[in-house]
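Quick caveat: nothing in here was measured; it's all calculated off a predicted structure.
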Amino acid sequence: MTPPDRFFCADAARARDDAFVGTAPFGSVWVLIEYRRAWPSNGFDGLDLDPETKTLVFAAARANRARILLVRRHGRRRTEGSDRWAVLHHDGSGALRQRWGSWHRDRDLAQIVTALDSPGEPGLAPVVLVCAHGLHDACCAVRGRPVGQALSARWPDLVWECTHVGGDRFAANVVVVPDGVYYGNLDARSAVTVVEDHLADRIRADHLRGYTTLRPPQQAAVAAVLRRFGPAGRHDYAVTETAPADDGWRVRVSGRGPHARLLDVDVRARRTPARQLTCRGPANSSAVVYDVTSIRDG
């Protein structure tokens, strides 16, 4: 039982109906490190690893603008054998590559440095990450772990729990990599539906936070197009131009195949009142919301 007066940021965000479109952090490279022991609140940075190896991995990740996430299988506590690591790339045009390895000693992680500079293998199944980093934010555990359990039962080889991915108040959060797609406000039932659709290359707007290869106004524009015209594949819509317009942006979205159309989407940004945005947030802060004001033929 949880104390009735305890603050949970995801509960508060849902009560306020916080907008989550346009909140996917920008990036196209991910480093995953399996770590089965307790996760520090600051993830990889807090691990007690060989300092030289840790510095090498961190510097290589920073040079490649890669995000490092600790991962583990839901409910699996193996005590023997090596852990795995992975480097996953999305080049923005649809080319997805992965390189996997294993590590038993800290210095084995130096393989990640080389992997970050190599293309990796194409054609592998995507990785489904569920943020369950409870020491970072309570909502990530309270809402993330049931989602991790449900997805792992359905796709045991694809699903990993992971450390902080951003947007605690939108828990449960699911990220599909290297596709670079963020989903939020999920529960066990909706997560299964969302991932099932994603794996069939059918992305819906309902729980879509955004594509990590796009900037926030562009994410909002594509999500609005999906909401207006229905689900589509990850690369069925492309942003071909973004220009300042009317206190915001005019984003040109081009569709292909059955979704062939050229659309101009007007997006404006606004700030919310200051609020407590995370469970452990020491102070109130405002958030940026991206509103789509019009969609018309381009």
Is the shortest side-chain heavy-atom distance between [X] and [Y] below 4.5 Å?
X	Y	result
Asp83	Arg36	yes
Leu214	Thr212	no
Val292	Ile295	yes
Leu151	Val128	yes
His89	Ser28	no
Leu32	Trp85	no
Val175	Tyr183	no
Gln219	Tyr182	no

Shortest non-hydrogen contact between [X] and [Y], atoms and distance:
X	Y	value
Pro217	Val251	O-CG2, 4.1 Å
Ala223	Ala205	O-CB, 3.6 Å
Ser190	Asn185	OG-O, 4.5 Å
Trp155	Glu196	CH2-N, 3.7 Å
Ala138	Arg6	CB-NH2, 3.4 Å
Cys140	Asp168	SG-OD1, 4.1 Å

Under a 4.0 Å threshold between the charged nitrogen and the carboxylate oxygen, would [Y] count as salt-bridged to [X]?
X	Y	value
Asp11	Arg143	yes
Asp197	Arg204	yes
Glu161	Arg72	yes
Glu52	Arg107	no
Arg16	Asp18	yes

Residues in side chain to side chain donor-acceptor pair (under 3.5 Å) with Arg270, at least two apart?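 Result, side chain to side chain donor-acceptor pair (under 3.5 Å) vs Arg270: Asp291.
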
Salt bridge (Lys or Arg N to Asp or Glu O under 4.0 Å) pairs touching residues 248-264, sequence neighbours excluded, are Asp236-Arg256, Asp246-Arg250, Arg250-Asp266, Arg252-Asp264

Donor-acceptor pair, side chain of [X] and main chain of [Y], under 3.5 angstrom:
X	Y	result
Glu34	Arg73	no
Asp106	Leu49	no
Lys54	Asp48	no

For residues [X] and [Y]: do they belong to one hydrophobic cluster (side chain heavy atoms under 4.5 Å, members Ile, Leu, Val, Met, Phe, Trp, Tyr)?
X	Y	value
Leu47	Val71	no
Leu96	Val181	no
Leu186	Leu208	yes
Val159	Val174	yes
Val225	Val239	yes

Should the pair Arg209 and Phe170 be classed as cation-pi, given the thresholds of under 6.0 Å to the six-membered ring centre and 45° from the axis? no

In sequence, state the C-alpha distance, the side-chain angles, and the governing distance for Arg84 and Trp160, and then conclude on side chain to side chain contact (heavy atoms under 4.5 Å, CB included). CA-CA 12 Å; Arg84 303 182 73 191; Trp160 299 80; 4.2 Å; yes

Between [atom1] on residue [X] and [atom2] on residue [Y], distance to nearest 0.5 Å:
X	Y	atom1	atom2	value
Asp137	Ser41	CG	OG	11.5 Å
His133	Asn173	NE2	CG	13.5 Å
Leu158	Ser152	CG	OG	9.5 Å
Asn42	Thr163	CG	OG1	10.0 Å
Arg268	Thr293	CZ	OG1	5.5 Å
Arg275	Cys9	CZ	SG	13.5 Å

Selection residues 100-127 - residue pairs positive for ring-ring contact (aromatic ring centres under 6.0 Å, His included), sequence neighbours left out: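 Residue pairs with at least one partner in residues 100-127: there are none.
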
Quick one: which residue pairs count as a ring-ring contact (aromatic ring centres under 6.0 Å, His included) with a foot in residues 238-281, not counting sequence neighbours? Tyr237-His259

Take Val31 and Phe44 through the side chain to side chain contact (heavy atoms under 4.5 Å, CB included) test and state the conclusion after the steps. CA-CA 10 Å; Val31 174; Phe44 176 77; over 6 Å; no

Per the side-chain hydrogen bond (donor to acceptor under 3.5 Å, both in side chains) rule, which among Asp201, Asp179, Thr213 passes with Arg234?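 For Arg234, the side-chain hydrogen bond (donor to acceptor under 3.5 Å, both in side chains) check succeeds only for Thr213.
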
For Arg202, does the CZ atom have more than 12 heavy-atom neighbours from other residues, nucleotides or ligands under 6.0 Å away?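 Enclosed: over 12 neighbouring heavy atoms sit under 6.0 Å from CZ of Arg202.
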
Other residues, nucleotides, ligands: >12 heavy atoms within 6.0 Å of Arg37 CZ: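 Counting neighbours around CZ of Arg37, 12 or fewer heavy atoms of other residues, nucleotides or ligands fall under 6.0 Å, so no.
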
Given Tyr211 and Val222, is the side chain to side chain contact (heavy atoms under 4.5 Å, CB included) satisfied, shown in steps? CA-CA 9 Å; Tyr211 297 163; Val222 171; 3.8 Å; yes

Without placing hydrogens or testing angles, list every side-chain donor-acceptor pair under 3.5 Å for residues 56-70, not counting sequence neighbours.
residue: Asn64; atom: ND2; partner: Ala60; partner atom: O; Å: 2.8
residue: Arg67; atom: NH1; partner: Val165; partner atom: O; Å: 3.4
residue: Arg67; atom: NH2; partner: His164; partner atom: O; Å: 3.1

Check step by step if side-chain hydrogen bond (donor to acceptor under 3.5 Å, both in side chains) holds for Ser118 and Arg99. CA-CA 8 Å; Ser118 61; Arg99 186 169 295 280; 2.9 Å; yes

Using side chain to side chain contact (heavy atoms under 4.5 Å, CB included), reason through Leu262 and Asp297 one step at a time and then give a plain yes or no. CA-CA 6 Å; Leu262 190 62; Asp297 291 334; over 6 Å; no

Can you list, pair by pair, the side-chain donor-acceptor contacts under 3.5 Å of residues 279-289, counting residues two or more places apart and other chains?
residue: Arg280; atom: NH1; partner: Leu135; partner atom: O; Å: 2.4
residue: Asn284; atom: OD1; partner: Gln276; partner atom: N; Å: 3.1
residue: Ser286; atom: OG; partner: Arg271; partner atom: NH1; Å: 2.9

